[in-house]
Number of protein chains: 2
Amino acid sequence: MKKGAFTCGLDAALFVLGGKWKPLILFHLAHGTRRYGELRRAIGRVSDKVLIQQLKELQADGIVDRTDFGEIPPKVEYSLTAFGRTLGKALVPLCEWGTRNSSGVEAIMVRRKAREHRHAA
Amino acid sequence: MKKGAFTCGLDAALFVLGGKWKPLILFHLAHGTRRYGELRRAIGRVSDKVLIQQLKELQADGIVDRTDFGEIPPKVEYSLTAFGRTLGKALVPLCEWGTRNSSGVEAIMVRRKAREHRHAA
DNA sequence: CTGAATCCTTTTGGATACTG
DNA sequence: CAGTATCCAAAAGGATTCAG
């Protein structure tokens, strides 16, 4: 490894869970194994394409496990690998921060939308 | 507040630091006040436009403070607000995860590039 | 039910040149 | 030094449709 690819560990972590829905996937799988449709409904408004794509990446990256029961009708379960669980744990404080400051963050969201709106005018 | 805008705190936190360089900005400012050019050099390969844009958002969101000394030549300093520091702290475990698993993450990066390359062929 | 394939829109980031 | 303005390329996400 000739060069440090990342300036800090944060970069490395964010590189792994870059993708709009990955953190949410981690969050839901941290609570247990989920079937595909189950996961999709839990996350809500996300397209199959994107969900599948991100699940595949997480799988290729060794974060999630995919178990295909090879049956008809199809049944596939997703869960976290041991590695994935360590990442999930590192995510907890951030999750707690968001929970503690949820009202503050929602205020931020409102202000951002207001700014965008002004800019659109 | 009729609806929970976020399914979990994680979403809220990620909403705030969404943007390629924001985590890195947090990281560098967590170690102290920085002048604009200083920050830019610390981060490395980032354009003025994007850095300024993200700094402005972080400022509008109450994460960073901007102090313009109103002098010639221009001198502007950036630092974290108290709120920003709490977010910085929540980021630490993730940073540590990345550091502990840096080699693993670099391996992931290599494999991803290999996949992209294969796909390009 | 799980997922692949295609097309399309939006968003994001970057290069460059210019200003007080 | 610390930005601003414009233009542009790339990537990411989403809608829809189809298949085993």
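Letters A, B, ... are given to chains in the order of the sequence lines, protein chains preceding strands, and every chain is numbered from 1.
If you check every strand for non-hydrogen atoms under 4.0 Å, A:Arg45 touches nothing. Across all strands, A:Gln54 comes closer than 4.0 Å only to sugar-phosphate atoms, never to a base (heavy-atom distances). Among the atoms of the strands shown, none is found under 4.0 Å from any heavy atom of B:Phe69. Across all strands, A:Arg40 comes closer than 4.0 Å to no nucleic acid atom at all (heavy-atom distances).
In this structure, A:Asp61 does not pair ionically with B:Arg111, as no charged nitrogen and carboxylate oxygen lie closer than 4.0 Å. Residues A:Arg66 and A:Glu77 are not paired through a salt bridge, judged by the lack of any N-O separation under 4.0 Å between the basic side chain and the carboxylate. The existence of a salt bridge linking B:Lys20 and A:Asp11 is excluded, since no basic side-chain nitrogen approaches an acidic carboxylate oxygen closer than 4.0 Å.
Between D:dA2 and B:Arg34, no contact under 4.0 Å exists linking OP1 or OP2 to a side-chain N or O. A close approach under 4.0 Å does not occur between any side-chain nitrogen or oxygen of A:Lys75 and OP1 or OP2 of D:dG20. Phosphate contact (OP1/OP2 of C:dG3, side-chain N/O of A:Tyr78, threshold under 4.0 Å): present. Checking the phosphate oxygens (OP1, OP2) of C:dT2, a side-chain nitrogen or oxygen of A:Arg35 falls inside 4.0 Å. A close approach under 4.0 Å does occur between a side-chain nitrogen or oxygen of A:Lys56 and OP1 or OP2 of C:dA4.
In terms of position on DNA chain D, the residue among B:Glu38 and A:Ser47 whose nearest nucleotide sits closer to the 5' end is B:Glu38. Comparing A:Ile72 and A:Lys20, the nucleotide of DNA chain D nearest to each residue sits closer to the 5' end for A:Lys20.
Side-chain proximity of A:Gln53 to D:dG20, D:dG13, D:dG3: nearest is D:dG13. Nearest to the side-chain atoms of B:Pro74 among the listed nucleotides D:dT4, C:dT2, C:dG20 stands C:dG20. The side chain of B:Val46 sits closest to C:dG14 out of D:dA2, D:dG3, C:dG14.
With rounding to whole Å, A:Leu24 atom CG is found 13 Å from D:dG13 atom P. Spacing between atom OH of A:Tyr36 and atom C1' of C:dA4 amounts to 11 Å, rounded to whole angstrom units. Note: CD1 (B:Ile43) to C1' (D:dA2) measures 15 Å, nearest angstrom. For the pair B:Leu39 CG and D:dA2 P, the computed distance is 10 Å after rounding to whole Å. In this structure, CD of B:Gln59 is placed 14 Å from C1' of D:dA2, rounded to the nearest angstrom. With rounding to whole Å, A:Leu14 atom CG is found 14 Å from D:dA12 atom P. Between B:Ile52 atom CD1 and C:dT19 atom C1' the separation is 14 Å, expressed in whole Å. Across the protein-nucleic acid pair, B:Glu77 atom CD and D:dA2 atom P stand 9 Å apart, rounded to whole Å.
Between B:Val105 and B:Trp97, the closest heavy-atom pair is CG2-CZ3, 3.9 Å.
A donor-acceptor pair is defined here as one N or O able to donate and one able to accept, closer than 3.5 Å; no such pair exists between the side chain of A:Lys56 and the backbone of A:Ile52.
A donor and an acceptor atom, one from each side chain of A:Tyr36 and A:Asp68, are nowhere located under 3.5 Å apart.
Side-chain N/O atoms of A:Lys49 and base N/O atoms of D:dG13 include a donor-acceptor pair closer than 3.5 Å.
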